[in-house]
Amino acid sequence: DQQVKQNSPSLSVQEGRISILNCDYTNSMFDYFLWYKKYPAEGPTFLISISSIKDKNEDGRFTVFLNKSAKHLSLHIVPSQPGDSAVYFCAASAGGSNYKLTFGKGTLLTVNP
Amino acid sequence: NAGVTQTPKFRVLKTGQSMTLLCAQDMNHEYMYWYRQDPGMGLRLIHYSVGEGTTAKGEVPDGYNVSRLKKQNFLLGLESAAPSQTSVYFCASSDPGINQPQHFGDGTRLSIL
């Protein structure tokens, strides 16, 4: 039973446009959410996070939105750049801890020049 | 600044052989983790450690053992390798606390024939 779902395996956008990556979760105990970015042959790198007490967190071109009632979060990248092309993983944890993360399957983002 | 270093990067084993994967971090992090990633899947937690001398089971611990004799090192052992353990293995480390993201190594690609 997958508790963190990224239903879009891939997404393609034009350079300069907005990229929106979506993530749904089923476990109501999750209270901390993260996005990781992964290039081929490298480990995931932390991108941005959000606590369940917030509904938005922004860091430069990256913004994460959290809708607790819908158990849904999204990552917005504006403007998208070719270097953003990577696999993006959504992850969640429960109980105020940062360990025992549950990851989604990832979404491959391709930004076309 | 090495961060999290995994050794080896690639390995091919025969069924029944044993091996140890080494993870070393130079960030003085308390927590360390081992994940596996299979095609089309997110990362799944194998074992983790919240401090030197401690270990705990994650989501998929069967067939693996771990040890954390030194704070900076976390070893993952396969006593009798099976083809189902063919995967990419990632090590990560973090500080305690809700806002402390996990930092990942670049992975070990393990094939078991």
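Source: prediction; values computed, not measured. Just so it is clear: chains get the letters A, B, ... in the order the sequence lines come, proteins before strands, and each one is counted from 1.
More than 12 heavy atoms of other residues, nucleotides or ligands shown are found within 6.0 angstrom of NZ on B/Lys71. Under a cut-off of 6.0 angstrom, the local environment of CE in A/Met29 is sparse, with at most 12 non-hydrogen atoms contributed by other residues, nucleotides or ligands. Surrounding CZ of B/Arg44 are more than 12 heavy atoms belonging to other residues, nucleotides or ligands, all under 6.0 Å away.
In terms of the salt bridge (Lys or Arg N to Asp or Glu O under 4.0 Å) criterion, A/Lys71 has no residue partners (sequence neighbours excluded).
With a 4.5 angstrom heavy-atom cutoff, A/Ala41 touches chain B only via backbone atoms. With a threshold of 4.5 angstrom between heavy atoms, B/Leu45 approaches chain A through side-chain atoms but not through N, CA, C or O. Only the side chain of A/Tyr36 comes within contact range of chain B, with heavy atoms under 4.5 Å apart.
Of all heavy-atom pairs between B/Tyr48 and A/Lys100, the closest is OH-CD, 3.5 Å. Taking both residues in full, the closest heavy atoms of B/Gln37 and A/Lys38 are given as OE1-CE, 3.8 Å, listed atom of the first, atom of the second, then distance.
The hydrophobic cluster containing B/Leu75 does not contain B/Met27, counting ILVMFWY residues as joined when their side-chain heavy atoms lie under 4.5 angstrom apart, directly or transitively. By the criterion of side-chain heavy atoms lying less than 4.5 angstrom apart, applied directly or through intervening Ile, Leu, Val, Met, Phe, Trp or Tyr residues, A/Ile20 is grouped together with A/Val78 in one hydrophobic cluster. B/Leu21 is connected to B/Phe74 through a chain of hydrophobic side-chain contacts under 4.5 Å among Ile, Leu, Val, Met, Phe, Trp and Tyr, so both are in one cluster. Under a hydrophobic-cluster definition in which Ile, Leu, Val, Met, Phe, Trp and Tyr are linked whenever side-chain heavy atoms come within less than 4.5 Å, directly or via other members, A/Tyr25 and A/Tyr88 are assigned to the same cluster.
Contacts with chain B (heavy atom to heavy atom, under 4.5 Å) involve these residues of residues 43-65 of chain A, listed by number: A/Gly43, A/Pro44, A/Phe46.
The most heavy-atom pairs under 4.5 Å with chain B, out of A/Gln6, A/Glu42, A/Gln2, come from A/Glu42.
Identified under the side-chain hydrogen bond (donor to acceptor under 3.5 Å, both in side chains) test for residues 73-85 of chain B, with sequence neighbours left out: B/Asn65-B/Glu79.
A distance of 4.5 Å separates CZ of A/Phe103 from OH of B/Tyr35, quoted to the nearest 0.5 Å. Remark: A/Leu101 CG to B/Tyr33 OH distance equals 7.0 Å, nearest 0.5 Å.
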Show the atom names and distances, to 0.1 Å, of all donor-acceptor pairs under 3.5 Å that link a side chain in residues 8-19 of chain B to residues at least two apart or in another chain.
residue, atom, partner, partner atom, Å
B/Thr15, OG1, B/Leu113, O, 2.6
B/Gln17, OE1, B/Lys14, N, 2.7

